[in-house]
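Here is the naming used below: chain letters follow the sequence lines, and residue numbers restart at 1 for every chain.
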Amino acid sequence: MPMQTPTTSDPRYLRAPPRRGIALSWRDPTVRAVFWQVVILGLVGAGIWWLVDNTMRNLEVRKIATGFGFLEREAGLPIGESLIPYSPADTYLRALTVGVLNTLRVAIIGAVLATILGTVIGIARLSRNWLVAKCAAVYVEVLRDLPLLLQLLFWYALLQGLPGPRQALNPFGSVYLSNRGIKFPWIEWQEAHTAALIALLVGAVATWGLSRLFTARQMATGVRPRLWPWAIMLLIGLPVGVWWAMGAPFTVDRPVLRGFNFRGGGTITPEFAALLFGLVLYTAAFIAEIVRAGILAVHQGQWEAAAALGLSRGQQLRLVILPQALRVIIPPMTSQYLNITKNSSLAVAIGYQDIVSIANTTINQTGQAIEGIAIIMMVYLTISLSISLFMNWYNARIALKER
Amino acid sequence: MAEVVELGKVQVRSAVQPDAKPMIELRKVNKWFGALHVLRDVSLTVRERERVVVCGPSGSGKSTMIRCINRLETHQEGQIIVDGIELTDDLRNIDAIRREVGMVFQSFNLFPHLTILENCTLAPIWVRKMPRKEAEELAMEFLTRVRIPEQAKKYPGQLSGGQQQRVAIARALCMRPKIMLFDEPTSALDPEMIKEVLDVMVELAESGMTMVVVTHEMGFARTVADRVVFMDRGEVVEVGPPNEFFGNPRSERLRTFLSQILGH
Amino acid sequence: MTPPSAEAATLGAAPALERRPPSFALGPLGWLRANLFSSWLSTAVTLVLFYLLVSWTLSFLSWAVVNAIWDVPGTGQRVDTSACRAARGEGACWALIGEKYRFILFGLYPFDEQWRPALAIVIFIALYVVSAMRRFWRKELALIWFAALTVIGVLMWGGVFGLPYVEQERWGGLVITLILATFGIALAFPLSILVALGRRQTSMPAVKALCVVYIELIRGVPLISLLFMASVMFPLFLPEGMNIDKLLRAQIAIILFAAAYLAEVVRGGLQAIPKGQYEAADALGLTYWQKTGLIVLPQALKISIPPLVNTFIGMFKDTSLVLIIGIYDLLNTAKTSIIEPAWQGFGVEAYLFVAAIYFVFCFAMSKYSQDLERELDKGRRR
């Protein structure tokens, strides 16, 4: 063979592997594999073609328009809460964008809160205090065994059962609970507040940077400079300073009863509250089990070895236990974040206007079911894929530290 | 244990000074697991630079006793005084003692997410507040002493059991402890790896470290122990220098144990 | 070397006696001390939690039992719920359940024929119990399922054996939930096995890709979008004149949904089979289907039973989503039962009632799956 450089004089090693003959025999596994694949793909393709053909004919008969042209038309559908300016005169595209943002809003806030609550409950299940462990176990068992939709309807019914605005409950200050939602005092938002918020963000980034710098210093000299005075200055001093420098505007907008409803103040609608509450309580039960399993997966001997070296309880947890537990926790946690996003679609049952709810209204108004459902699916597939990619990246980063 | 590792016939010379101060004192220590009485009036004093080997059948309370010394287990009655500090619920005392007492476990308990070097530098950096460079130099010094400096960048999972246990010894030594506790350090090892670990321990003994070793390796006990302690059913049955202990056991229980463990 | 005095004292004396631990460490008091009051923090947490639990329990009992209204005058349209309205917030209105439980459980099924769905529910439960017993884990179990589901179909539809025909639109309540979940799992299961096997075909990349796309597509979107598809798009898919009813369309969506999740469970089981098993089967000269059917699947499915039960629990809960497309399952009948003006605002009572039903089913299954997992684990370790 001319391609091969002879490395040994033994002619046996010079032989190339035999080339496979192209015999079209039924006994050849490759031929069979190709045959079956053609058959299966053919059947699936024919099925899809049949469905598409039927659909085209039906659309024609029923005179239903196709295509995404409707996105540019005026939607004329009212939306209760929106993160961006919106009026019924806007297009369907904008209405659907509002829906996507509402979905993301409840999913992100829900994921953060569920993670916190779930971690607390998961750790509580491992508590040495019997009562604490038992309460956490009962919570997990009950919440997991009831349909989420039932829980959402339950919380919504409970919120709807609150008295009207005139007899609103007033637990403290100017906070009012009524069947129109939760009303609370809120500052009148001005530029100074935005600036302070940005300053807080800058402060947080700076604190994180300093903490890394101090760790580097500790590695170099052994002494870790104190972080907390800096943290206080950056996280509290800086935003307050900026706000002060810009004239310290502070007007509280309190909700006041006018006629049959409240005016002013901030609002959490009963729909959003019920959805968020239900999602968080339900998902937290699953996250608790994941956290518990993750901590149990770290062998008891690791705690003991860390303790025997003289590490404090906090250091044992931070330097030894958590890095190991996280690797067990993160993959199932990813699917919980995916679940909370997909489950937020139940919003449609209690009237919170997420993407499914708005797309559903769009379908009813335009009759273009295929496009509407395609939009819903594309949105969720995009979100699912993004979360998966991010968590895979994060997981790989954690795993890399080990290998 | 039928296998007795031959560690040379020469005994390591005792390093205990006649007026050595006691490093570990157990006074009438009692402990229960539920209703099970696992330590019964255990009293034992280990002096500076002394090497004590503890043996006994499984379930005799020897591991529990050694784990009480650095408070991985709590005792319910009696006193334990380590390096002049009495062990109580006071967290500062516990931390102070754990800094001075190194421990080696039966199952190594290396941290799987850290390299060998990081395993060794973790505690010096975070507990002793040592600069990383210094901690790494120290770690390399001890890794050289346990004869695996070339593995420093690997992870525990990539090492053999014997190597892992030697790393565990180096990790404990990096804290420069005054006392080393060994809880059956060779029981989880394949026979061919036992010797490499015992060799390291013999060297450590020669350097004058105060050691308490729970083990079934009677050859090791003969070679390095100043005293051998026999425990059975939670109590200290017999204590004595190795030649007396093996040559002239006083109690029936020890005779039975020795005949079983030495076999044949 | 002279042994220190304390040791000498011990050694010379008689062996130390076995003693009972100090009294505080044993008995109920010792248990309390160790598990509830082991430290100041623990004690404080215990007391706060205990106080909260007691106060919640008392206020719940006063609402649900002491101040509850169990009966109201009148029935149907002429019911007088003023007593309930007066007690609102203070006491539960269980009169709602007394009045509406037949509707919640059976929907609009003809009143005199409601023994039929009731019997169907009993058959469903018996089917679950039989399937849970390990001595019935044989091939015959498939026959039992087939027979039971046929009997249920006959019972519900009627039209034979002197049973009056009841059209599907009138079915409702618990039996719909059980039908959707059970038929869903029964039909999704074989499909999921095919898809799981297809996903492992490295020699057939096109088939593998098809299975991967199916699984990931379905798992990437919420069930509700599939149900919407079933309710508004399926009618467009079919040729004119061919119509399938809403329940069947929802059932198809649930089957397609469940199959994707089950396929991943089965795949997990297939992956757990040691490679040696495949090699041994090959060495015996078995064909692909013999190898799969006789060696691989029986082992893989046995391993997957606990996660299969968990998937079934998830399915059982997820069937409640059909409420959104207007099918009268257990949750929807509860929601509908409070739609009359007289009963409006008593949602909490209605939902607690169906919550109890869901909980009994799911809790029993989840306990079963946990016990089974422990048992199978033991078997494998041996």
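- The part of B/Leu72 that comes within reach of chain A is its side chain, from C-beta onward, which places non-hydrogen atoms under 4.5 angstrom from that chain.
- For B/Leu181, no part lies under 4.5 angstrom from a heavy atom of chain A.
- Closest heavy-atom contact between B/Val127 and A/Gln315: CG2-OE1, 4.3 Å.
- Side-chain contact between B/Pro131 and A/Gln218 is absent, with no heavy-atom pair separated by less than 4.5 Å.
- Of all heavy-atom pairs between B/Phe105 and A/Ala308, the closest is CZ-CB, 4.0 Å.
- For the pair A/Arg224 and B/Trp126, the cation does not sit on the ring face, since its NZ or CZ is not both under 6.0 Å from the ring centre and inside 45° of the axis.
- Remark: A/Trp303 CH2 is packed, more than 12 non-hydrogen atoms of other residues, nucleotides or ligands lying under 6.0 Å away.
- With a 4.5 angstrom heavy-atom cutoff, B/Arg67 touches chain A only via side-chain atoms.
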- B/Lys129 vs A/Val223, side-chain contact (heavy atoms from CB on, under 4.5 Å): CA-CA, chis, key distance, verdict: CA-CA 6 Å; B/Lys129 311 288 181 204; A/Val223 187; 5.7 Å; no
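- The two atoms that bring B/Arg98 and A/Gly310 nearest to each other are CB-CA, 3.9 Å, heavy atoms only.
- Residues B/Leu122 and A/Leu311 are in side-chain contact: their nearest non-hydrogen atoms beyond the backbone lie under 4.5 Å apart.
- A/Leu319 and B/His113 get closest at one heavy-atom pair: O-NE2, 2.9 Å.
- Remark: side-chain polar atoms of B/Glu134 are not paired, donor with acceptor, to backbone N or O of A/Thr221 under 3.5 angstrom.
- The backbone N or O of A/Gly301 sits less than 3.5 Å from a side-chain atom of B/Asn109, completing a donor-acceptor pair.
- Chain A forms more heavy-atom pairs under 4.5 Å with one residue of B/Leu110, B/Val101, B/Asn70 than with any other, namely B/Leu110.
- Within a 6.0 Å radius of CZ in B/Arg132, other residues, nucleotides and ligands contribute 12 heavy atoms or fewer.
- Checking each of B/Arg99, B/Met103, B/Met175 against A/Leu309 for a side chain to side chain contact (heavy atoms under 4.5 Å, CB included) leaves exactly one that passes, namely B/Met175.
- When A/His299, A/Arg318, A/Arg217 are compared by the number of non-hydrogen pairs under 4.5 Å with chain B, A/Arg318 comes out ahead.
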